[in-house]
Amino acid sequence: MITFRESSIGRRPLVLGAATLLVAALISPVRSARGEEALTFDGLYKSFGVRGLEFSDRLLSLKDSIVSMKGYMAPPLKAESHFFVLTREPMALCPFCQSDAEWPLDIVVIYLDGTAPLVSAGDPITVHGRLQVGSWTDPETGFVSQVRIVDAAFRRS
Amino acid sequence: MPPSAAVSPSLDIENLMVTVAEGSGRRITILDVPALSVAPGERLGIAGPSGAGKTTLLHVLAGLLPGSGRLAWGAVELSALPEVARDRWRRDNVGFVFQDFALVPELSVLANILLPISFDHWRVPAHLRARAIELATEMALPETSRRALLLSRGEQQRVAVARALLCCPRLILADEPTASLDADSGAAVIDLLIGGARKTGATLIAVSHDARFLARLDRVVHMEQGGLITASTNDDGERP
Amino acid sequence: MNPWPIILADLRSLRWIAWAVPLVVAIAVAIGIAVSAQDQALRTASARAADDFDLVIGAPGSQTQLVLTTVYLQPDAIGLADGALLNRLANDKRVAAAAPIAFGDVVHGYPVVGTTTSFVSRWGRLQPAEGRTFAAENEAVIGASVALQLGATVTPSHGMAHHGSLGAEDTEEYAHRHEEAQYRIVGRLPRQNSPWDWAILVPIESVWEIHGLGNGHAVDEAPLGPPFDAKTVPGVPAILVKPKSVADAYVLRGEYRKNGTMALFPAEVLVAIYQTLGDVKLAMVVVSGFNNALVLVATVALLLTMVGLRQRRYAVLRALGAPRRYVLLAVWLGTAGLLTAGCVLGLGLSLLASWVAGSVIEARTGLHLAVTLGWSELAFFALIILCGSGMALIPALFVYRRPVSPNLRSSA
């Protein structure tokens with residue numbers, strides 16, 4: 001029974017999960033071989049000034065290139081969606097800490113290239129995809145975001 | 001008009017032996033034929049008591065059962081061929097008739113006659129379909145769309161003879177073709193077999209107990225305990 | 001080579017078994033696919049229903065209950081959040097729109113929901129399909145499935161924990177009428193395939209007034225909707241917030257999770273439910289997988305027996321000149337064909353079963369389940385066909401390997 005709980009592919013039959021793992025295993029060496037740039041939360045912004053956030057030069061130079069980024073999946077804003085939010089810190093489950101009361105502003109919005117089950121909240125994940133920078137309004141949800149990784153795929157790290 | 005077959009090659013057997021393993025691991029000989037020749041177009045009868053190895057001999061002649069020694073069909077060394085080649089040779093040269101007809105009861109008369117065509121054709125060629133219908137008419141089988149299981153025993157065996165003759169075989173093998181039939185039906189089948197073989201110049205080898213049948217063949221060999229005992233020539237046999 | 005005549009003959013000789021085998025396989029396959037497809041449809045429908053509910057703020061309590069009550073209109077007594085929050089949120093730069101929702105009353109079994117025109121139009125997305133939205137305290141807009149006529153006048157009653165029948169006012173409901181209040185139905189919303197299709201939407205002010213709390217405004221004749229400038233704005237069970245940006249959504253969620261309020265994304269609760277649902281489903285998929293395997297094994301065993309009884313037929317074919325692979329192909333295609341027919345039939349059956357189950361769920365919850373076959377169901381389907389075809393090789397190889405001569409004489 002523990003294996004069921006552990007599964008990150010709860011909604012799909014085992015078959016497809018196994019196939020996904022196989023594909024992921026086949027694809028991942030290729031991707032890292034491509035020499036993509038690793039992005040970190042510290043390197044996103046130059047300043048958190050009064051005039052708002054200012055993008056760092058490195059972030060701007062990586063615009064539209066393939067990047068990888070480590071972080072945590074935030075509580076989902078939409079169920080059954082192809083987007084989620086990547087944060088620096090995991091969501092706190094402890095009611096005394098409530099670190100998510102001071103939610104950091106430097107989030108990155110991830111648009112997956114397909115709908116994926118968002119079930120690994122709290123686990124560190126690595127996201128791969130194309131970096132987009134600048135204010136953009138999602139026509140589907142009406143939400144504005146600043147930094148995005150699109151056509152993305154993720155795995156636990 | 002049936003296409004005329006080329007003259008059948010002669011059949012030659014030397015030191016043919018078939019052995020089977022017994023439960024104790026000992027091998028026993030079920031067929032031992034030192035020598036047998038069948039001339040092209042000859043009609044040979046095989047007689048003898050049950051268990052004498054008549055059917056075994058027939059299976060060996062058809063290439064269904066490999067034995068040791070030499071079995072040649074003209075220039076074709078049948079005993080030296082691999083199974084796939086023997087299957088192909090059988091398909092191209094042999095027509096088989098069984099005691100129990102061995103039809104596919106769920107198929108129609110026509111489908112049964114045409115069954116061997118499906119072994120190497122996706123579609124039945126028109127001339128073969130026409131020939132099948134012609135054969136059915138010749139064998140007094142007018143209802144070609146009837147299922148085989150609805151036919152009388154005599155009719156069923158006539159379907160089997162038509163199936164055997166369809167591709168103008170050069171060797172017709174028959175295993176007790178009249179044993180399951182009444183006298184009249186048996187006589188009809190004998191006529192059709194001998195007539196069919198004569199028409200195409202095919203060699204006919206038949207295992208039979210039926211004296212009327214054996215009497216109409218060129219030669220009859222008697223078998224006992226896996227071996228040939230005597231070979232008698234029917235002087236009154238029908239010559240073409 | 002065309003083994004079709006033999007396949008046909010073999011199927012005919014199977015008689016009723018040729019029908020029973022695909023049927024049994026179909027039922028086994030249908031269960032597996034239906035469970036999977038139903039689960040997916042339920043997720044999609046419940047997620048879609050929550051689409052306009054980005055951030056919900058309420059009084060501290062059960063997160064799941066807050067979501068069930070607001071998004072799925074499952075009635076329950078939940079605590080009230082301070083009405084003053086409405087004005088605070090209305091003036092917040094990070095908020096695109098906010099609307100209160102209040103429940104409690106029923107009309108003919110339909111829940112009456114008090115809100116503002118902003119949420120009636122789903123943040124400007126929806127136009128009434130008929131009529132117009134409410135513009136006065138005694139007007140109401142109904143969901144697509146509410147069986148009332150435009151222009152009708154209805155009297156709300158105190159909602160009771162007992163479940164009345166939809167579309168009719170029973171004695172219980174009649175006994176708890178708010179006699180002084182009446183709503184005239186002025187519009188009907190388009191279908192949204194959510195429980196809100198069964199709701200009657202009225203101005204929040206009316207709900208407050210019926211319960212003797214004033215209208216939330218400083219003067220009686222104030223226009224409907226914000227700002228609510230009364231000295232004390234009455235409390236509301238829930239406030240729906242549409243944040244401007246993704247980052248704002250998270251910041252607002254954090255801010256309103258302290259100081260006596262609770263804030264959450266309905267998606268959080270749904271994903272947690274899905275996880276449990278997924279575990280249950282996975283268990284069922286595994287069970288149905290075993291079930292399918294068992295049916296396949298039993299079927300192949302049965303067909304193997306049948307093939308064993310037909311050994312002489314195949315030996316005769318060989319004697320007539322058929323190569324080994326002709327016999328192999330005939331037996332394999334026959335068996336695989338039966339199993340595949342069962343799988344295809346099962347696919348159809350699963351859609352039928354899902355449709356029936358979907359209708360039942362829609363009647364109970366208002367969620368419209370659009371069952372579609374996704375990749376995972378099709379993969380499952382393909383896997384079973386693949387397994388079936390693989391197992392069909394067993395009788396085929398059995399026949400392939402048999403010697404001809406002994407079988408040729410067996411029944412002679």
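Throughout, protein chains are lettered first and strands after them, A, B, ... in sequence-line order, and every chain is numbered starting at 1.
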Query raised in the report: Do any of residues 318-329 of chain C come closer than 4.5 Å to chain B, heavy atom to heavy atom, and if so which ones, in number order?
Result: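 If one takes a 4.5 Å heavy-atom cut-off, the residues of residues 318-329 of chain C near chain B are C:Arg318, C:Ala319, C:Leu320, C:Gly321, C:Ala322, C:Pro323, C:Arg324, C:Tyr326.
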Query raised in the report: Taking only heavy atoms into account, what residues of residues 349-358 of chain C are found under 4.5 Å from chain B?
Result: none
**Report entry** Top contributor to chain C interface from B:Ser118, B:Ala164, B:Ala111 [non-hydrogen pairs under 4.5 Å]
**Finding:** B:Ser118
**Report entry** Top contributor to chain C interface from B:Asn112, B:Leu115, B:Val94 [non-hydrogen pairs under 4.5 Å]
**Finding:** B:Leu115
Query - Shortest non-hydrogen contact from B:Trp122 toward C:Met1 - result: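 Nearest heavy atoms, B:Trp122 then C:Met1: CE3-O, 3.3 Å.
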Query raised in the report: Taking only heavy atoms into account, what residues of residues 81-91 of chain B are found under 4.5 Å from chain C?
Result: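 Near chain C, by residue number: B:Glu83, B:Asp87, B:Arg90, B:Arg91.
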Is [X] in contact with chain C via its backbone, its side chain, both, or neither, using a 4.5 Å heavy-atom distance?
| X | result |
| --- | --- |
| B:Arg123 | neither |
| B:Ala62 | neither |
| B:Phe96 | both |
| B:His59 | side chain |
| B:Thr56 | both |

**Report entry** Over 12 foreign heavy atoms within 6.0 Å of CZ, C:Arg12
**Finding:**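 Counting other residues, nucleotides and ligands, CZ of C:Arg12 exceeds 12 neighbours.
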Query raised in the report: Partners of C:Ser389 by side-chain hydrogen bond (donor to acceptor under 3.5 Å, both in side chains), sequence neighbours excluded?
Result: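 With neighbours one apart ignored, the set is empty.
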**Report entry** Proximity breakdown for C:Arg313 and chain B, heavy-atom pairs closer than 4.5 Å
**Finding:**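 Side chain only.
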Query raised in the report: Less than 4.5 Å apart, any side-chain heavy atom of C:Val316 and any of B:Val104?
Result: no
Requested in this report: Working to the nearest 0.5 Å, report the span between CG of C:Leu408 and OG1 of B:Thr55.
Outcome: 8.5 Å
Query raised in the report: Atom CG of C:Leu11 and atom CD of B:Glu106: how far apart are they, to the nearest 0.5 Å?
Result: 10.0 Å
